[in-house]
Every structure is written in C-alpha cells, then in structure tokens.
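The first residue in the sequence is number 1, and the count goes up from there.
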Amino acid sequence: MSGTFMAAEIASQPGCWREAAALASANGDLLPPPGARVAIVGCGTSWFIGQAYAVLRESAGLGETDAFAASEFPEGRGYDHVVALTRSGTTTEVHALLAKLRGRTPTIAITGVPREIEAAADKIVDLSVVDERSVVQTRFATTALAMLRAHLGEDLTAVADQAERVLAEPLPDELVTAEQFSFLGTGWSVGIANEAALKFREACLLWTESYPAWDYRHGPISISEPGRVTWMFGQAPEGLADDVARAGGLFVESGLDPLADLVRAQRVAGAIAARKGLDPDNPRSLTRSVVLT
C-alpha cells in the first residue's frame, strides 16, 4: 500500500486528531449546543461516523441524538438541528434532504469542500484541511469524529498516541492473509465496526460483515472458521472470544480506543489490497462522491 494516497492519509491521522480540540473550539458556535435534539445524516462512511457520534453525544447526557442514512431521514420528526456529514459536499441524497429541511429545521454541514454545499446548509464547518485524494475515506471521517468528540468534552491526546503506535507496529500475517472479517462493536463502536467493514469492501474487495457484538451469537457466528477473523472494537462480551475460538476463527481484541483500532483496520485493508494487486485509491465501481442525475 505504500506510495498510495490512502497510505499517506492513514499515516496523517494522529497529527490531524491532535488538532481536534482546536477544530472543536474554532467551530464550537456552529456545532449543536447541549440539550438540543439532533439528527446527524450522511451516506456510507459519513453515516457510520454519525452512528458513533450519536451514541457518544446522547451517552454524555448532551441531548437526544439520532443517526440516519440521508435517504432514510424520517419525515415529520422534529429536531432542533440536523447535521450533514459529507466529505465532498456533493452527495445527491444529502442535498435533497437539505433542500427539504430549508426554512424548517436549522442545518449544519461538516465538509471538506465548503463551496459545494454552502448554499444548501445554514451553517458550514470547514474541514478542508483534512480533505483527501483517495476515493476511500480515512482521515476526513476520523478527524470529523475526533472534532465532535472534542466538542463533547473528550481529550483525544491519548487516542492520537495510540494511533501513532498502531502505525509503527507490523501487521500480523494472519490478518493480511485472512479470507473474511466480521467486525463487532458495542455502543458507539458499532458505528466504527460498520465503517471498518466498509473499508475492507471498498479498498480490497473482501467479504466483510459487521454487527453489534451481543448480536453476533444470534446467527452470524456460524460463519466463523479457520482463516476468518472476528474483530472486536472495544471490550467484548464475556465468553465471546472463547465461542469464536471453538468455531475455529481468530478473535481480535486490542484494548485500544476504537478510533485508534480503526487505523489498524485501515492498514490491514490497504495491505490486503496490495497483496491482491488492487489500487485502494480507485476502487472498482466507486467514485469520490455519488452524484445522481
């Protein structure tokens, strides 16, 4: 994967996250205040990052927060603010939703390309400093989440330090050669699990699935076997690692903050792409943004 835009953007993440507090401070007046009822919307990676933020914000006691794919936003449900996360600022479903909400609900767009969406949203959070050249998203999405976590009152210093260590570690052969991955999470890390699974499907065309960890025993564990990986973001339910081992699969649990562990997953996806001779910057059938005409 070395030499790709994706590799460089993955490597830049700890430094980007160390700026999270400054980004949160600079944009604090634009982001939802405590107590507001909020929905965050996006497509693909942006939706999954939104899932993580929604759980974190509500769990912090800062207000009811929901996450939706932009195309599935519920009609008639009232929110104080709707946040749209969109790297390109051009996504058709996001623009369609913002047009429906115009004059009805205050909207905020977090984007890497403000000019593409500034006329559609009421407020713009400019993250162009972490925009990307690879089609596959890494640092834009994770820095957006780091900023949102900082806005919730978290200190991301230790998380960035963990990510630095992840970047320096060799990747185990048993991960780079695996044929299938199932990613699990609990609470906010369910969104991280969903994002990790998408990264593998995009970058290296691998069969991946993702589930809430407690739901994994309810059917999905049946595909666990030698050569397949069950990857846990955060702390696993008691006994789950043993259940996967009995099925013959490899259980991975790092103890890292899930955002830092996502960096490791990104690296594995890139390494598998390299092993398969794929270009992770330009995945099959994908473009930087989905714009429907």
Output all residues satisfying side chain to side chain donor-acceptor pair (under 3.5 Å) with [X], sequence neighbours left out; order by chain, then residue number.
| X | value |
| --- | --- |
| Thr208 | Arg201 |
| Arg217 | Asp243 |
| Asp155 | Thr157 |
| Arg139 | Ser12 |

Report the hydrophobic cluster partners of [X], with the cluster defined as I, L, V, M, F, W, Y residues connected by side-chain heavy atoms closer than 4.5 angstrom, directly or transitively.
| X | result |
| --- | --- |
| Trp207 | Ile223 |
| Met232 | Leu184, Tyr211, Tyr216, Ile221, Leu240, Val244, Phe251 |
| Ile124 | Val94, Leu98, Ile117 |

With the threshold set at 4.0 Å, does a side-chain nitrogen-carboxylate oxygen contact exist between [X] and [Y]?
| X | Y | answer |
| --- | --- | --- |
| Lys100 | Glu75 | yes |
| Arg102 | Asp122 | yes |
| Arg165 | Glu169 | no |

(Q) Tell me which pairs pass ring-ring contact (aromatic ring centres under 6.0 Å, His included) where either residue lies in residues 13-63, with sequence neighbours left out. (A)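 Residue pairs passing ring-ring contact (aromatic ring centres under 6.0 Å, His included), neighbours aside: none found.
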(Q) Tell me whether Thr4 contacts the main-chain N or O of Ala7 through its side chain, where contact means a donor paired with an acceptor under 3.5 Å. (A)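 Side chain of Thr4 to backbone of Ala7, a donor-acceptor pair under 3.5 Å: yes, one is there.
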Q. Side chain of Thr111, backbone of Thr86: donor and acceptor closer than 3.5 Å?
A.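 Yes; judged by distance alone, with no hydrogens or angles, the pair exists.
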With sequence neighbours left out, what residues match [X] under salt bridge (Lys or Arg N to Asp or Glu O under 4.0 Å)?
| X | answer |
| --- | --- |
| Glu225 | Arg228 |
| Glu116 | none |
| Glu164 | Arg18 |

Pair up each side-chain donor or acceptor in residues 58-66 with any protein partner under 3.5 Å, not counting sequence neighbours, and list the distances.
unit_1: Glu58; atom_1: OE1; unit_2: Thr65; atom_2: N; d: 2.8
unit_1: Ser59; atom_1: OG; unit_2: Val55; atom_2: O; d: 2.7
unit_1: Glu64; atom_1: OE1; unit_2: Arg37; atom_2: NE; d: 3.2
unit_1: Glu64; atom_1: OE2; unit_2: Arg37; atom_2: NE; d: 3.3
unit_1: Glu64; atom_1: OE2; unit_2: Arg37; atom_2: NH2; d: 3.1
unit_1: Thr65; atom_1: OG1; unit_2: Arg57; atom_2: NH1; d: 2.9
unit_1: Thr65; atom_1: OG1; unit_2: Gly63; atom_2: O; d: 2.9
unit_1: Asp66; atom_1: OD2; unit_2: Tyr79; atom_2: OH; d: 2.5

